S.K.: 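Just passing along the structure, written as structure tokens.
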Amino acid sequence: MNFQPTRTNEVDNPIEALAGEIQKLPSAIRWLHASESAIMELACGVPQTRGPRTRLVAGMLGVATIVGLARITAWATSFCLLVGRHLRLMGTRPSNDVSGVVFVGIGALREQQLRKRLEQDGRKVLFLHEIDPRSLARVLRVSWRELIREWFAVAAELWSELGDAIHRGIAPRDRRIEFATRAHKYAHFRAWFRKLKEQTPRNSPVIFSAPSYVAAAGKAAGLRTALHLHGFQLRDVVYPDFDEVVTFTEVEAVFIRSRLPSASVAVSPEQSDVLATNRSVAVIGTYNQKKGFEMCASFIAWALEKRIPVIIRPHPLDRTAFFEQWRGTDGIAFSGTETPFDLFLETCRPCVALSWISTGLIDALRRGVVPLTVETDAARILNSVFPFLEVSLRWPQEAAAIEAILSDEAARARARFSATNLARAASSDRMA
């Protein structure tokens with residue numbers, strides 16, 4: 001495995017070209033254009049996948065467009081959702097305790113590590129879940145007046161963006177859908193963050209684990225904001241104007257510096273002990289995949305033929321039940337999805353880990369486990385900032401190399417050495 005770093009801002013990448021242009025929009029309207037699914041559809045023709053509520057709103061706005069009422073319909077939908085959101089929160093009693101570092105997350109597993117780092121520095125951490133509005137209401141309550149005033153300010157900033165005359169960013173249809181489904185949440189977060197700023201002067205920034213519209217609301221409210229990444233970055237992400245960013249690879253640090261030239265970007269690579277691996281392979285599931293399943297199946301069949309133990313770890317969000325066909329098969333064990341991934345690696349100690357483009361491959365690399373990829377959608381490869389394919393072997397093209405690694409302990413030791421060196425290279429500032 002040879003690691004050759006590539007440029008992080010390819011001019012011939014359609015996703016980067018579009019998202020990079022959206023990044024240049026004024027911050028007040030940028031979050032409205034930051035729909036990753038709309039960017040992927042416009043840049044690569046990947047159809048958007050919408051949930052039932054979003055499909056309902058899209059259908060309603062489609063009808064309203066025919067009669068020339070799309071903009072006012074988006075406005076009215078957002079306002080009704082705003083009122084409903086506030087009514088649901090009225091019974092929640094706030095503690096009014098906003099001491100400590102405010103950490104806003106999405107419930108990702110890696111956030112536990114990020115919070116522990118902050119606590120190890122002797123700081124109290126106030127965790128807020130951006131998907132659960134009650135986590136904010138339990139701390140501070142926003143009044144009707146504050147909320148309505150903020151929403152009207154947001155609506156005024158975005159009114160022209162809801163029409164058809166502007167031809168920048170994502171399509172007008174998608175802007176209206178984003179406004180109708182998210183503007184009420186954005187306004188609520190912005191009002192909450194504004195109240196936080198007024199109530200307590202803050203020397204430290206509010207920390208976010210995701211570069212979402214929630215972080216954009218915090219920045220718009222006048223707070224200092226920091227992004228502590230919980231996962232690897234994609235090119236279709238459009239960033240709020242963070243003051244600070246902490247990544248765990250230099251590849252992504254270079255990328256984010258190109259998007260946020262005014263931000264202070266630092267690298268905090270995750271350090272882990274190299275594992276003494278055994279003659280077994282892990283198959284790491286992911287979700288939202290359309291290609292590569294037959295290759296994954298062929299790898300499992302190959303491993304069973306070679307009498308190599310297989311450990312399957314489905315992704316917690318995978319709903320395909322693809323791996324269930326092997327449950328109860330001799331030579332195959334399953335790992336529970338509730339087990340932290342690092343603990344899974346320490347317990348099973350596989351020599352090789354196979355997956356699609358996944359953060360699990362890099363986690364494996366850090367522990368001396370050889371990463372192996374299968375075919376995935378071309379758009380996913382274009383969308384990935386970290387060069388997964390450059391640090392991984394590929395199945396089935398490099399089956400001989402995998403068999404050689406699994407053949408004896410000396411080969412496994414050499415593979416562990418190579419993997420950990422690749423992990424260090426990927427996290428090193430020499431890549432800049």
Side-chain angles (χ1 to χ4, degrees), residues 1-3 5 108-114 116-117 229-233 246-252 267-286 296 299 303 308-316 333-374 384 386-395 398 401-428 431:
M1 296 183 293
N2 294 313
F3 182 65
L109 289 175
R110 285 177 179 267
E111 290 173 358
Q112 299 174 12
Q113 301 173 23
L114 298 176
K116 285 180 180 178
R117 289 181 190 175
L229 294 177
H230 78 275
F232 287 86
Q233 296 302 280
V246 178
T247 74
F248 34 85
T249 70
E250 183 64 22
V251 177
E252 294 176 306
V267 181
S268 179
E270 297 180 354
Q271 303 297 332
S272 299
D273 296 331
V274 178
L275 298 172
T277 57
N278 54 50
R279 187 177 179 270
S280 65
V281 296
V283 177
I284 305 167
T286 184
C296 184
F299 175 76
I308 301 168
V310 178
I311 308 101
I312 294 177
R313 180 185 168 91
H315 193 282
F334 275 73
S335 169
T337 58
E338 69 282 354
T339 305
F341 190 77
D342 215 44
L343 180 59
F344 158 74
L345 291 176
E346 287 187 0
T347 302
C348 300
R349 298 176 178 265
C351 179
V352 174
L354 174 137
S355 186
W356 291 261
I357 289 181
S358 165
T359 56
L361 292 178
I362 308 305
D363 290 331
L365 194 69
R366 289 188 299 106
R367 305 307 303 268
V369 178
V370 177
L372 180 64
T373 61
V374 293
S384 175
F386 191 89
F388 285 94
L389 298 185
E390 296 182 28
V391 299
S392 305
L393 295 175
R394 301 187 191 185
W395 178 266
E398 297 179 89
I402 294 299
E403 187 167 7
I405 289 171
L406 290 163
S407 62
D408 58 50
E409 175 54 37
R412 289 197 290 276
R414 290 192 297 270
R416 287 196 296 270
F417 179 78
S418 175
T420 51
N421 279 344
L422 282 173
R424 292 189 188 103
S427 300
S428 170
M431 289 194 60

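Just so it is clear, the structure is predicted and the values come from calculations on it, not from any experiment.
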S.K.: What pair of heavy atoms forms the shortest contact from Val274 to Gly368, and how long is it?
M.R.: CG1-CA, 4.2 Å

S.K.: With Pro350 as reference, evaluate Val370, Val281, Leu345 under the side-chain contact (heavy atoms from CB on, under 4.5 Å) test and give the passing residue.
M.R.: Leu345

S.K.: Using side-chain heavy atoms (C-beta onward) and a distance below 4.5 Å, is Phe299 in contact with Val283?
M.R.: yes

S.K.: Which heavy atom of Leu406 sits nearest to which heavy atom of Cys351, and what is that distance?
M.R.: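 Closest approach of Leu406 to Cys351, heavy atoms only: CD2-CB, 3.9 Å.
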
S.K.: Within this structure, what is the CD1-CD distance for the pair Ile308 and Glu403, rounded to the nearest 0.5 Å?
M.R.: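 The CD atom of Glu403 is 7.0 Å from CD1 of Ile308, to the nearest 0.5 Å.
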
S.K.: Would you mind listing every salt bridge (Lys or Arg N to Asp or Glu O under 4.0 Å) that reaches into residues 346-355, with sequence neighbours excluded?
M.R.: Glu346-Arg367

S.K.: Any donor-acceptor pair under 3.5 Å linking the side chain of Glu252 with the backbone of Gln233?
M.R.: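 Side chain of Glu252 to backbone of Gln233, a donor-acceptor pair under 3.5 Å: yes, one is there.
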
S.K.: Measuring only between side-chain heavy atoms, which start at C-beta, is Asn278 closer than 4.5 Å to Ser280?
M.R.: yes

S.K.: Trp356 pairs by side-chain contact (heavy atoms from CB on, under 4.5 Å) with which of Ile284, Thr286, Thr373?
M.R.: Thr286

S.K.: Would you compute the distance between atom CG of Leu365 and atom CD1 of Ile362 and round it to the nearest 0.5 angstrom?
M.R.: 5.5 Å

S.K.: Is there a side-chain contact between Ser358 and His315, using heavy atoms and a 4.5 Å cut-off?
M.R.: no

S.K.: To check you understand the geometry: which heavy-atom pair defines the closest contact between Arg313 and Thr339, and what is its length?
M.R.: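 Smallest heavy-atom distance, with atoms named: NH2-O, 2.7 Å.
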
S.K.: I need the Asp363 CG to Phe344 CZ distance, nearest 0.5 Å.
M.R.: 11.0 Å

S.K.: Could you grab the distance from atom CG of Leu393 to atom CD of Glu398, nearest 0.5 Å is fine?
M.R.: 4.5 Å

S.K.: Does any non-hydrogen side-chain atom of Phe334 lie less than 4.5 Å from one of Pro314?
M.R.: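 In contact.
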
S.K.: Look up atom OG in Ser335 and atom CD1 in Ile312, then write down how far apart they are to the nearest 0.5 Å.
M.R.: 10.5 Å

S.K.: To the closest 0.5 Å, what do you measure between CD1 (Ile311) and SG (Cys348)?
M.R.: 5.0 Å

S.K.: Between Ile357 and Phe386, is any pair of side-chain heavy atoms under 4.5 Å apart?
M.R.: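 The answer is no, as the side chains (C-beta and beyond) never meet within the 4.5 Å cut-off.
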
S.K.: Please give me the minimum heavy-atom distance between Cys296 and Leu354, naming the atom from each residue.
M.R.: SG-CD2, 4.0 Å

